[in-house]
Amino acid sequence: ISDFAKDSINMSLYEFIRNPEKPYHKLFELKQVHKDGRILWVEISAQLQFNMNGEIEIIGISRDVDARKQLEAQLHNDKIKLQENEIALKELNATKDKFFSIIAHDLRGPSGNFTNMLNILLDEYEDFDDESKKKMLKIMRDASTQMTNLLEDLLEWSQIQHGTIAFNPEILDLNEILQNISNQVNLTANNKQIELKINIPENTIIFADKNMINAILLNLISNAIKFSHKNGIIEIGHEQFKNIDFDEIYVKDYGVGMNETKKGNLFKIKENVVSKGTAGEKGTGLGLILCNEFVNRHNGKIIVESIPNYGTTFRIFLPKQKNN
């Protein structure tokens, strides 16, 4: 008999001696070791009473309730899983609602501008001179570009959620990637007279998916330009640590910065942080969410450091290639 059972019976005996006028019954459950070595749950029903000789005797019945206890444990685990699934479903519904909210809100503006300009051009084409027509076509082009970028972001985000986007990490020349990105953003940077300082040694290599790392760095550099002041500087650098299995790539600006609340919501689609740039540039807020998803796909990490009015630094940590 276990110590627990002994203690329980001793307590029962004490209670019985205090009140011997009626049989004292005790029901309890405990784990016991079966003769084959298994540990199982049993239910013990013990009763104290006087026998014909006036002696106290214990009448006990032990019943195997292991199957019932296992079922109870399974039901408890199922209940916890159900609660977890309910929470996950609520999160999914909230994300879905935000997803459709982004589509409805961010597509309405550019699509409306595009349609309005198109109708005006068609209805009053002869009333405008060439310069006015060019301005209207530029508005249409900007609206079209904004819609295309949004739809591409939404498609990529959806593919990540469903696990259908390809992931093919390989050895890449970081300078080559940054040169291509620099060519893409030069016009925007030049318009704000912003200098891009790329501090990357020659022959610096990283191990990453080419499409994803392009999207990550393009988003971060474009964001840095967006939130930098005129005549600002953006620094892009790389750190390689000998004793750490990660390479660091950072993008640093000296622009508007952000507070802790905004920084904490950057990668949450439910919050969808959207801010205009220093020149009124618009965005969808999905770019940084995609960056975070792509970095996670690499089993990496993204860290944000920011102080209002002093600028922001994004640090990307990517695992190094494992040597076989």
In terms of heavy-atom contacts, does [atom1] of [X] have more than 12 from other residues, nucleotides or ligands at under 6.0 Å?
X	atom1	result
Leu75	CG	yes
Phe128	CZ	yes
Leu137	CG	yes
Lys133	NZ	yes
Lys69	NZ	yes
Lys320	NZ	yes

Under 3.5 Å donor-acceptor, [X] side chain and [Y] backbone:
X	Y	answer
Ser182	Leu178	no
Asp64	Val42	no
Thr313	Glu305	no
Asn175	Pro201	yes

With side-chain contact (heavy atoms from CB on, under 4.5 Å) as the test, would you mind laying out the steps for Ile234 and Lys197 before giving the verdict? CA-CA 6 Å; Ile234 295 171; Lys197 285 189 174 182; over 6 Å; no
Determine whether Ser144 and Phe114 satisfy the following criterion, side-chain contact (heavy atoms from CB on, under 4.5 Å), listing intermediate values before the conclusion. CA-CA 7 Å; Ser144 175; Phe114 187 91; 4.2 Å; yes
So [Y] and [X], do their side chains get closer than 4.5 Å, heavy atoms only?
X	Y	answer
Leu220	Cys291	yes
Leu290	Ile216	no
Ile249	Phe314	no
Ile307	Thr312	no
Ile177	Asn214	yes
Asn231	Ile194	no

If hydrophobic clusters are built by linking Ile, Leu, Val, Met, Phe, Trp and Tyr wherever their side-chain heavy atoms come under 4.5 Å apart, do [X] and [Y] end up in the same one?
X	Y	value
Val256	Leu288	no
Ile39	Trp41	no
Leu217	Phe227	no

Do Phe207 and His298 make the cut of ring centroids closer than 6.0 angstrom?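 Not under 6.0 Å, so no.
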Could you walk me through whether Ser132 and Asp129 satisfy the side chain to side chain donor-acceptor pair (under 3.5 Å) test, starting with their C-alpha distance in whole Å, then the side-chain angles of each, then the deciding distance to 0.1 Å, before giving a yes or no? CA-CA 5 Å; Ser132 297; Asp129 57 26; 2.8 Å; yes
Does the pair Arg68 and Glu72 meet the rule for a salt bridge (charged side-chain N to carboxylate O under 4.0 Å, His left out), with working shown? CA-CA 6 Å; Arg68 190 197 78 200; Glu72 289 175 353; 3.2 Å; yes
Do we see a donor-acceptor contact under 3.5 Å between the side chains of [X] and [Y]?
X	Y	value
Asp66	Gln70	yes
Thr278	Lys192	yes
Ser222	Asn219	no
Glu176	Asn180	no

Give the intermediate values and the outcome of side-chain contact (heavy atoms from CB on, under 4.5 Å) for residues Met258 and Leu266. CA-CA 10 Å; Met258 68 189 90; Leu266 283 180; 3.7 Å; yes
Could you walk me through whether Tyr250 and His238 pass ring-ring contact (aromatic ring centres under 6.0 Å, His included), step by step? CA-CA 6 Å; Tyr250 64 85; His238 173 265; 9.1 Å; no
Test Phe317 against Asn299 for side-chain contact (heavy atoms from CB on, under 4.5 Å), laying out the working first. CA-CA 9 Å; Phe317 295 89; Asn299 293 319; over 6 Å; no
From CA spacing to verdict: salt bridge (charged side-chain N to carboxylate O under 4.0 Å, His left out), Glu84, Lys81: CA-CA 5 Å; Glu84 291 174 348; Lys81 287 181 180 178; over 6 Å; no
